[in-house]
Engineer: 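This is the structure I have questions about; it appears just below.
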2 protein chains.
Amino acid sequence: MRIGQLSADCDCPVETIRYYEKIGLLPQAVRRANGYRSYDEMHRKWLQFILRSRALGFSQDEVRQLTDLAHQQRPACADVYELLDAHINDVQTKIRELKRMRLALSRLQAQCHDGTLHDCPVIDELMG
Amino acid sequence: MRIGQLSADCDCPVETIRYYEKIGLLPQAVRRANGYRSYDEMHRKWLQFILRSRALGFSQDEVRQLTDLAHQQRPACADVYELLDAHINDVQTKIRELKRMRLALSRLQAQCHDGTLHDCPVIDELMG
DNA sequence: GCTAGACCCTGTAGTTACTACAAGGTCAAG
DNA sequence: CTTGACCTTGTAGTAACTACAGGGTCTAGC
Ligand SMILES: [Zn+2]
Ligand SMILES: [Zn+2]
Ligand SMILES: [Zn+2]
Ligand SMILES: [Zn+2]
(Lines give C-alpha, C1' and ligand atoms only; values in the text may rest on other atoms or scores of the structure.)
(Ligands and ions follow the chains in the order given, each with its own letter.)
Protein backbone atom coordinates (compact mmCIF):
# COMPACT_ATOMS: atom_id res chain seq x y z
CA MET A 1 0.00 0.00 0.00
CA ARG A 2 1.03 3.61 -0.53
CA ILE A 3 1.57 6.19 2.19
CA GLY A 4 -1.91 7.71 1.82
CA GLN A 5 -3.54 4.36 2.51
CA LEU A 6 -1.36 3.73 5.56
CA SER A 7 -2.14 7.25 6.74
CA ALA A 8 -5.89 6.62 6.44
CA ASP A 9 -5.63 3.17 8.04
CA CYS A 10 -3.75 4.42 11.07
CA ASP A 11 -5.32 7.86 11.25
CA CYS A 12 -1.89 9.41 11.19
CA PRO A 13 -0.84 12.32 8.97
CA VAL A 14 1.32 11.45 5.97
CA GLU A 15 3.96 13.94 7.14
CA THR A 16 4.22 12.20 10.48
CA ILE A 17 4.82 8.84 8.82
CA ARG A 18 7.61 10.31 6.71
CA TYR A 19 8.95 12.01 9.83
CA TYR A 20 9.04 8.73 11.78
CA GLU A 21 10.91 7.12 8.92
CA LYS A 22 13.35 10.00 8.75
CA ILE A 23 14.27 9.83 12.44
CA GLY A 24 14.55 6.06 12.22
CA LEU A 25 11.56 5.12 14.38
CA LEU A 26 9.71 3.46 11.52
CA PRO A 27 11.63 1.02 9.29
CA GLN A 28 12.40 2.37 5.81
CA ALA A 29 9.63 1.87 3.30
CA VAL A 30 10.34 -0.13 0.18
CA ARG A 31 10.45 2.14 -2.86
CA ARG A 32 8.55 1.47 -6.09
CA ALA A 33 9.99 2.22 -9.50
CA ASN A 34 8.45 5.69 -9.45
CA GLY A 35 9.97 6.50 -6.06
CA TYR A 36 6.73 6.11 -4.09
CA ARG A 37 6.98 4.47 -0.67
CA SER A 38 5.38 1.03 -0.42
CA TYR A 39 4.15 -0.46 2.85
CA ASP A 40 3.00 -3.87 4.05
CA GLU A 41 1.35 -5.27 7.16
CA MET A 42 4.62 -5.24 9.05
CA HIS A 43 4.95 -1.52 8.60
CA ARG A 44 1.37 -0.98 9.69
CA LYS A 45 2.03 -2.92 12.89
CA TRP A 46 5.11 -0.85 13.68
CA LEU A 47 3.35 2.41 13.04
CA GLN A 48 0.52 1.41 15.32
CA PHE A 49 3.01 0.36 17.95
CA ILE A 50 4.54 3.83 17.79
CA LEU A 51 1.17 5.59 17.80
CA ARG A 52 -0.11 3.58 20.77
CA SER A 53 3.07 4.30 22.68
CA ARG A 54 2.85 8.01 21.91
CA ALA A 55 -0.81 8.01 23.04
CA LEU A 56 0.44 6.68 26.38
CA GLY A 57 2.73 9.66 26.63
CA PHE A 58 6.03 7.90 25.96
CA SER A 59 8.64 10.28 24.60
CA GLN A 60 10.30 9.58 21.27
CA ASP A 61 13.35 8.34 23.12
CA GLU A 62 11.24 6.02 25.24
CA VAL A 63 9.42 4.76 22.15
CA ARG A 64 12.81 4.02 20.62
CA GLN A 65 13.71 1.93 23.67
CA LEU A 66 10.37 0.16 23.40
CA THR A 67 10.83 -0.63 19.72
CA ASP A 68 14.38 -1.81 20.45
CA LEU A 69 12.96 -4.22 23.00
CA ALA A 70 10.17 -5.25 20.67
CA HIS A 71 12.71 -6.03 17.95
CA GLN A 72 14.27 -8.71 20.15
CA GLN A 73 12.83 -12.16 19.67
CA ARG A 74 12.35 -12.53 23.42
CA PRO A 75 12.08 -9.13 25.11
CA ALA A 76 13.03 -9.29 28.78
CA CYS A 77 9.95 -8.67 30.88
CA ALA A 78 12.02 -6.89 33.55
CA ASP A 79 13.26 -4.32 31.03
CA VAL A 80 9.75 -3.54 29.86
CA TYR A 81 8.54 -3.34 33.43
CA GLU A 82 11.29 -0.90 34.32
CA LEU A 83 10.55 1.29 31.30
CA LEU A 84 6.88 1.38 32.23
CA ASP A 85 7.75 2.17 35.82
CA ALA A 86 9.98 5.08 34.87
CA HIS A 87 7.35 6.49 32.55
CA ILE A 88 4.54 6.10 35.07
CA ASN A 89 6.75 8.17 37.31
CA ASP A 90 7.10 10.81 34.58
CA VAL A 91 3.34 10.97 34.25
CA GLN A 92 2.79 11.05 38.00
CA THR A 93 5.22 13.94 38.37
CA LYS A 94 3.43 15.93 35.68
CA ILE A 95 0.07 15.28 37.32
CA ARG A 96 1.35 16.49 40.69
CA GLU A 97 2.76 19.63 39.11
CA LEU A 98 -0.49 20.38 37.32
CA LYS A 99 -2.54 19.78 40.45
CA ARG A 100 -0.32 22.21 42.32
CA MET A 101 -1.00 24.77 39.59
CA ARG A 102 -4.72 24.13 39.61
CA LEU A 103 -4.93 24.68 43.36
CA ALA A 104 -2.91 27.90 43.18
CA LEU A 105 -5.01 29.11 40.24
CA SER A 106 -8.29 28.37 42.01
CA ARG A 107 -7.14 30.28 45.08
CA LEU A 108 -6.16 33.19 42.87
CA GLN A 109 -9.45 33.11 41.01
CA ALA A 110 -11.40 33.06 44.28
CA GLN A 111 -9.99 36.51 45.01
CA CYS A 112 -11.86 37.77 41.99
CA HIS A 113 -15.31 36.95 43.38
CA ASP A 114 -16.89 36.14 40.01
CA GLY A 115 -15.11 38.99 38.29
CA THR A 116 -17.40 41.59 39.80
CA LEU A 117 -14.77 43.53 41.72
CA HIS A 118 -13.83 46.95 40.49
CA ASP A 119 -10.18 46.54 41.42
CA CYS A 120 -8.80 43.09 40.61
CA PRO A 121 -6.38 41.87 43.29
CA VAL A 122 -4.96 39.07 41.13
CA ILE A 123 -2.60 41.33 39.21
CA ASP A 124 -1.25 42.76 42.45
CA GLU A 125 -0.77 39.26 43.78
CA LEU A 126 1.23 38.26 40.72
CA MET A 127 3.37 41.39 40.91
CA GLY A 128 4.32 40.43 44.45
CA MET B 1 21.69 46.61 38.56
CA ARG B 2 23.21 44.50 35.79
CA ILE B 3 21.67 41.38 34.30
CA GLY B 4 23.68 38.99 36.49
CA GLN B 5 22.31 40.58 39.63
CA LEU B 6 18.73 40.44 38.36
CA SER B 7 19.30 36.83 37.36
CA ALA B 8 20.50 35.97 40.90
CA ASP B 9 17.70 37.97 42.55
CA CYS B 10 14.96 36.28 40.56
CA ASP B 11 16.63 32.89 40.20
CA CYS B 12 16.20 33.09 36.45
CA PRO B 13 18.93 32.34 33.87
CA VAL B 14 20.50 35.34 32.19
CA GLU B 15 19.63 33.91 28.78
CA THR B 16 15.97 33.71 29.72
CA ILE B 17 15.94 37.37 30.74
CA ARG B 18 17.46 38.39 27.41
CA TYR B 19 14.98 36.10 25.69
CA TYR B 20 12.00 37.70 27.43
CA GLU B 21 13.27 41.10 26.37
CA LYS B 22 13.77 39.93 22.81
CA ILE B 23 10.22 38.63 22.44
CA GLY B 24 8.86 41.77 24.08
CA LEU B 25 7.56 40.25 27.31
CA LEU B 26 9.97 42.17 29.48
CA PRO B 27 10.36 45.93 28.85
CA GLN B 28 13.64 46.90 27.22
CA ALA B 29 16.50 47.41 29.63
CA VAL B 30 18.22 50.79 29.74
CA ARG B 31 21.71 50.54 28.25
CA ARG B 32 24.84 51.89 29.90
CA ALA B 33 27.66 53.55 27.99
CA ASN B 34 29.40 50.18 27.58
CA GLY B 35 26.28 48.53 26.18
CA TYR B 36 25.45 46.56 29.33
CA ARG B 37 21.78 46.27 30.26
CA SER B 38 20.75 48.19 33.38
CA TYR B 39 17.72 47.24 35.47
CA ASP B 40 15.73 48.83 38.28
CA GLU B 41 13.01 47.72 40.69
CA MET B 42 10.34 48.09 38.04
CA HIS B 43 12.08 45.56 35.81
CA ARG B 44 12.47 43.18 38.74
CA LYS B 45 8.74 43.40 39.42
CA TRP B 46 7.87 42.63 35.81
CA LEU B 47 10.25 39.73 35.62
CA GLN B 48 8.77 38.24 38.76
CA PHE B 49 5.29 38.75 37.37
CA ILE B 50 6.30 36.77 34.30
CA LEU B 51 8.02 34.05 36.32
CA ARG B 52 5.08 33.64 38.69
CA SER B 53 2.70 33.43 35.75
CA ARG B 54 4.88 30.83 34.01
CA ALA B 55 5.04 28.84 37.25
CA LEU B 56 1.25 28.72 37.15
CA GLY B 57 1.49 27.20 33.68
CA PHE B 58 0.32 30.21 31.68
CA SER B 59 1.62 30.10 28.12
CA GLN B 60 3.70 32.93 26.76
CA ASP B 61 0.67 34.20 24.93
CA GLU B 62 -1.42 34.11 28.09
CA VAL B 63 1.34 35.87 30.00
CA ARG B 64 1.32 38.55 27.34
CA GLN B 65 -2.42 39.03 27.87
CA LEU B 66 -1.84 39.19 31.61
CA THR B 67 0.90 41.79 31.29
CA ASP B 68 -1.30 43.77 28.90
CA LEU B 69 -4.01 43.80 31.57
CA ALA B 70 -1.51 44.63 34.27
CA HIS B 71 -0.26 47.60 32.26
CA GLN B 72 -3.71 49.19 32.44
CA GLN B 73 -4.17 51.51 35.37
CA ARG B 74 -7.42 49.76 36.27
CA PRO B 75 -7.48 46.20 34.96
CA ALA B 76 -11.02 44.90 34.53
CA CYS B 77 -11.64 42.15 37.02
CA ALA B 78 -13.91 40.29 34.61
CA ASP B 79 -11.10 40.04 32.04
CA VAL B 80 -8.67 38.62 34.57
CA TYR B 81 -11.30 36.22 35.81
CA GLU B 82 -11.98 35.00 32.30
CA LEU B 83 -8.29 34.49 31.57
CA LEU B 84 -7.91 32.50 34.77
CA ASP B 85 -10.98 30.47 33.94
CA ALA B 86 -9.73 29.57 30.47
CA HIS B 87 -6.34 28.57 31.83
CA ILE B 88 -7.78 26.50 34.66
CA ASN B 89 -9.60 24.68 31.89
CA ASP B 90 -6.31 24.13 30.04
CA VAL B 91 -4.77 22.67 33.17
CA GLN B 92 -7.80 20.53 33.91
CA THR B 93 -7.74 19.09 30.41
CA LYS B 94 -4.08 18.16 30.74
CA ILE B 95 -4.70 16.52 34.10
CA ARG B 96 -7.51 14.42 32.67
CA GLU B 97 -5.35 13.33 29.75
CA LEU B 98 -2.48 12.37 32.05
CA LYS B 99 -4.79 10.45 34.37
CA ARG B 100 -6.11 8.52 31.41
CA MET B 101 -2.55 7.63 30.48
CA ARG B 102 -1.65 6.67 34.02
CA LEU B 103 -4.57 4.30 34.26
CA ALA B 104 -3.77 2.66 30.92
CA LEU B 105 -0.11 2.37 31.87
CA SER B 106 -0.90 0.78 35.22
CA ARG B 107 -3.15 -1.77 33.55
CA LEU B 108 -0.39 -2.55 31.09
CA GLN B 109 2.22 -2.85 33.80
CA ALA B 110 0.01 -5.18 35.79
CA GLN B 111 0.31 -7.68 32.94
CA CYS B 112 4.03 -7.86 33.67
CA HIS B 113 3.56 -9.27 37.18
CA ASP B 114 6.64 -7.59 38.68
CA GLY B 115 8.70 -8.22 35.59
CA THR B 116 9.16 -11.89 36.39
CA LEU B 117 7.48 -13.31 33.32
CA HIS B 118 9.62 -14.93 30.69
CA ASP B 119 7.52 -13.66 27.84
CA CYS B 120 6.39 -10.07 28.26
CA PRO B 121 2.82 -9.52 27.01
CA VAL B 122 3.11 -5.74 26.99
CA ILE B 123 4.95 -5.62 23.69
CA ASP B 124 2.29 -7.80 22.07
CA GLU B 125 -0.41 -5.58 23.50
CA LEU B 126 1.20 -2.50 21.99
CA MET B 127 1.62 -4.19 18.62
CA GLY B 128 -2.12 -4.81 18.57
C1' DG C 1 51.52 48.20 32.70
C1' DC C 2 49.72 43.90 32.05
C1' DT C 3 47.08 39.90 32.46
C1' DA C 4 43.63 36.63 34.44
C1' DG C 5 39.03 36.04 35.38
C1' DA C 6 34.41 37.41 35.80
C1' DC C 7 31.14 39.57 33.59
C1' DC C 8 28.68 41.34 29.48
C1' DC C 9 27.34 41.54 24.27
C1' DT C 10 25.31 39.55 19.68
C1' DG C 11 23.83 36.01 16.89
C1' DT C 12 23.08 31.37 15.68
C1' DA C 13 21.90 26.64 16.37
C1' DG C 14 19.91 22.96 19.17
C1' DT C 15 15.98 20.90 21.76
C1' DT C 16 10.87 18.05 21.23
C1' DA C 17 7.62 16.32 18.23
C1' DC C 18 5.78 17.44 14.88
C1' DT C 19 3.23 20.63 11.06
C1' DA C 20 3.04 23.40 6.95
C1' DC C 21 4.42 24.72 2.89
C1' DA C 22 6.92 25.27 -1.88
C1' DA C 23 8.23 23.33 -6.01
C1' DG C 24 8.06 19.63 -8.51
C1' DG C 25 7.16 14.43 -10.42
C1' DT C 26 3.44 10.51 -11.48
C1' DC C 27 -0.68 8.58 -12.79
C1' DA C 28 -5.66 7.49 -13.91
C1' DA C 29 -9.93 9.44 -15.68
C1' DG C 30 -12.54 12.20 -18.76
C1' DC D 1 -4.21 16.34 -23.19
C1' DT D 2 -5.39 18.31 -19.25
C1' DT D 3 -7.20 18.15 -14.60
C1' DG D 4 -6.78 16.49 -10.11
C1' DA D 5 -5.31 13.42 -6.67
C1' DC D 6 -1.48 11.55 -5.17
C1' DC D 7 3.50 11.28 -4.37
C1' DT D 8 8.51 13.27 -3.77
C1' DT D 9 12.18 16.34 -1.49
C1' DG D 10 13.65 19.97 1.29
C1' DT D 11 13.10 23.85 4.19
C1' DA D 12 10.99 26.61 7.69
C1' DG D 13 7.83 27.27 11.44
C1' DT D 14 5.84 26.15 16.24
C1' DA D 15 6.84 26.74 22.11
C1' DA D 16 9.90 28.14 25.30
C1' DC D 17 13.79 28.17 26.09
C1' DT D 18 19.14 26.56 26.34
C1' DA D 19 23.84 26.38 24.82
C1' DC D 20 27.42 27.91 22.62
C1' DA D 21 30.89 30.73 19.64
C1' DG D 22 33.35 34.71 19.19
C1' DG D 23 33.93 38.83 20.87
C1' DG D 24 34.09 43.31 24.22
C1' DT D 25 34.66 45.32 29.27
C1' DC D 26 36.09 45.87 33.78
C1' DT D 27 38.44 44.98 38.18
C1' DA D 28 42.14 42.98 40.98
C1' DG D 29 46.60 41.31 41.66
C1' DC D 30 51.58 41.15 40.39
ZN1 LIG E 1 6.51 -7.77 31.05
ZN1 LIG F 1 8.23 8.99 30.07
ZN1 LIG G 1 -10.36 39.97 39.53
ZN1 LIG H 1 -3.48 28.21 29.58
Side-chain angles (χ1 to χ4, degrees), chain A residues 1-26 28-40 43 46-67 86-87 90-91 93-94 97-98 101, chain B residues 1-26 28-39 43 46-47 49-67 86-87 90-91 93-94 97-98 101:
Chain A
M1 80 186 104
R2 282 176 301 166
I3 198 167
Q5 185 63 51
L6 182 63
S7 165
D9 281 10
C10 297
D11 193 29
C12 171
V14 167
E15 291 90 349
T16 304
I17 299 176
R18 283 197 284 253
Y19 170 69
Y20 285 154
E21 176 177 321
K22 189 177 188 175
I23 63 169
L25 257 191
L26 199 61
Q28 298 267 4
V30 178
R31 296 304 183 115
R32 299 189 184 175
N34 59 11
Y36 288 13
R37 289 173 178 80
S38 189
Y39 296 96
D40 56 15
H43 287 102
W46 277 118
L47 180 54
Q48 292 209 331
F49 184 96
I50 295 167
L51 294 173
R52 289 210 183 92
S53 304
R54 295 285 306 125
L56 290 169
F58 285 103
S59 70
Q60 258 178 34
D61 192 66
E62 287 167 334
V63 174
R64 209 177 296 273
Q65 295 178 53
L66 276 173
T67 52
H87 181 55
D90 294 346
V91 172
T93 302
K94 277 189 200 144
E97 176 73 356
L98 285 168
M101 287 178 188
Chain B
M1 80 186 107
R2 283 176 301 168
I3 199 168
Q5 184 64 50
L6 182 63
S7 166
D9 280 11
C10 296
D11 195 27
C12 171
V14 166
E15 290 91 349
T16 305
I17 299 176
R18 283 196 284 251
Y19 170 70
Y20 285 155
E21 177 177 320
K22 189 178 188 173
I23 63 169
L25 257 192
L26 199 60
Q28 298 267 4
V30 178
R31 295 305 182 114
R32 299 189 183 174
N34 58 13
Y36 287 12
R37 288 173 179 81
S38 188
Y39 296 98
H43 287 102
W46 277 118
L47 180 54
F49 184 96
I50 296 167
L51 294 174
R52 288 210 183 91
S53 304
R54 295 287 302 126
L56 290 169
F58 285 103
S59 70
Q60 258 179 35
D61 193 65
E62 286 167 334
V63 173
R64 211 177 295 273
Q65 294 178 54
L66 275 173
T67 52
H87 182 55
D90 294 345
V91 171
T93 302
K94 278 189 199 145
E97 176 73 354
L98 285 168
M101 288 179 187

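Lettering of chains follows the sequences in order, A, B, ..., and the numbering in each one begins at 1. Note that the structure is predicted; figures quoted are calculated from it, not measured.
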Engineer: Can you check whether A:Arg18 has a side-chain N or O nearer than 4.0 Å to OP1 or OP2 of D:dT11?
Structural biologist: no
Engineer: If the cut-off is 4.0 Å, is B:Arg37 near the phosphate of C:dC9, judged by side-chain N/O to OP1 or OP2?
Structural biologist: yes
Engineer: Counting heavy atoms from C-beta on, name the nucleotide in C:dC8, C:dC18, D:dC17 closest to the side chain of B:Arg2.
Structural biologist: C:dC8
Engineer: From B:Tyr19 OH over to B:Leu25 CG, what is the distance, rounded to the nearest 0.5 angstrom?
Structural biologist: 8.0 Å
Engineer: Report the residue from B:Gln28, B:His43, B:Glu21 that forms a side chain to side chain donor-acceptor pair (under 3.5 Å) with B:Arg37.
Structural biologist: B:Glu21
Engineer: Would you say the side chain of B:Arg2 lies within less than 4.5 Å of the side chain of B:Arg32, judging by non-hydrogen atoms?
Structural biologist: yes
Engineer: With a cut-off of less than 4.0 Å, is there a side-chain N or O of A:Thr16 near OP1 or OP2 of C:dT19?
Structural biologist: yes
Engineer: Among B:Ile17, B:Leu47, B:Val30, which residue satisfies the side chain to side chain contact (heavy atoms under 4.5 Å, CB included) criterion with B:Tyr39?
Structural biologist: B:Ile17
Engineer: Tell me the interatomic distance from B:Asn34, atom CG, to C:dA6, atom C1', rounded to whole angstroms.
Structural biologist: 14 Å
Engineer: Send over the distance from A:Glu21 CD to C:dT19 P, rounded to a whole Å.
Structural biologist: 17 Å
Engineer: Compare all side-chain heavy atoms of A:Glu97 with those of A:Thr93 and state whether any distance is below 4.5 angstrom.
Structural biologist: no
Engineer: In whole Å, I'd like the distance from the CE atom of B:Met1 to the P atom of C:dC8.
Structural biologist: 12 Å
Engineer: May I have the distance from A:Tyr39 (atom OH) to D:dC7 (atom P), rounded to whole angstrom?
Structural biologist: 10 Å
Engineer: DNA chain C: A:Tyr36 or A:Glu15, which has the more 5' nearest nucleotide?
Structural biologist: A:Glu15
Engineer: Less than 4.5 Å apart, any side-chain heavy atom of B:Leu66 and any of B:Glu62?
Structural biologist: no
Engineer: How long is the line joining CD1 of B:Ile3 and P of C:dA6, in whole Å?
Structural biologist: 19 Å
Engineer: Looking at DNA chain C, which of residues 52-66 of chain A put a heavy atom within less than 4.0 Å of it?
Structural biologist: A:Arg54, A:Ser59, A:Gln60
Engineer: Would you say B:Gln60 and B:Val63 make side-chain contact, with heavy atoms under 4.5 Å?
Structural biologist: no
Engineer: Can you check the A:Leu6 CG to D:dC7 C1' distance for me, whole Å?
Structural biologist: 14 Å
Engineer: Taking 4.0 Å as the cut-off, does a side-chain nitrogen or oxygen of A:Tyr20 come that near to OP1 or OP2 on C:dC18?
Structural biologist: yes
Engineer: What is the distance, to the nearest angstrom, from the NZ atom on A:Lys22 to the P atom on D:dA12?
Structural biologist: 12 Å
Engineer: Would you mind reading off the distance between B:Tyr19 atom OH and C:dG11 atom C1', rounded to a whole angstrom?
Structural biologist: 15 Å
Engineer: So what does A:Arg31 hit on the nucleic acid, given a heavy-atom distance under 4.0 Å: a base, only sugar-phosphate, or nothing?
Structural biologist: sugar-phosphate
Engineer: Students often get this wrong, so: under 4.0 angstrom with heavy atoms, is A:Ile23 touching a base, only sugar-phosphate, or nothing?
Structural biologist: nothing
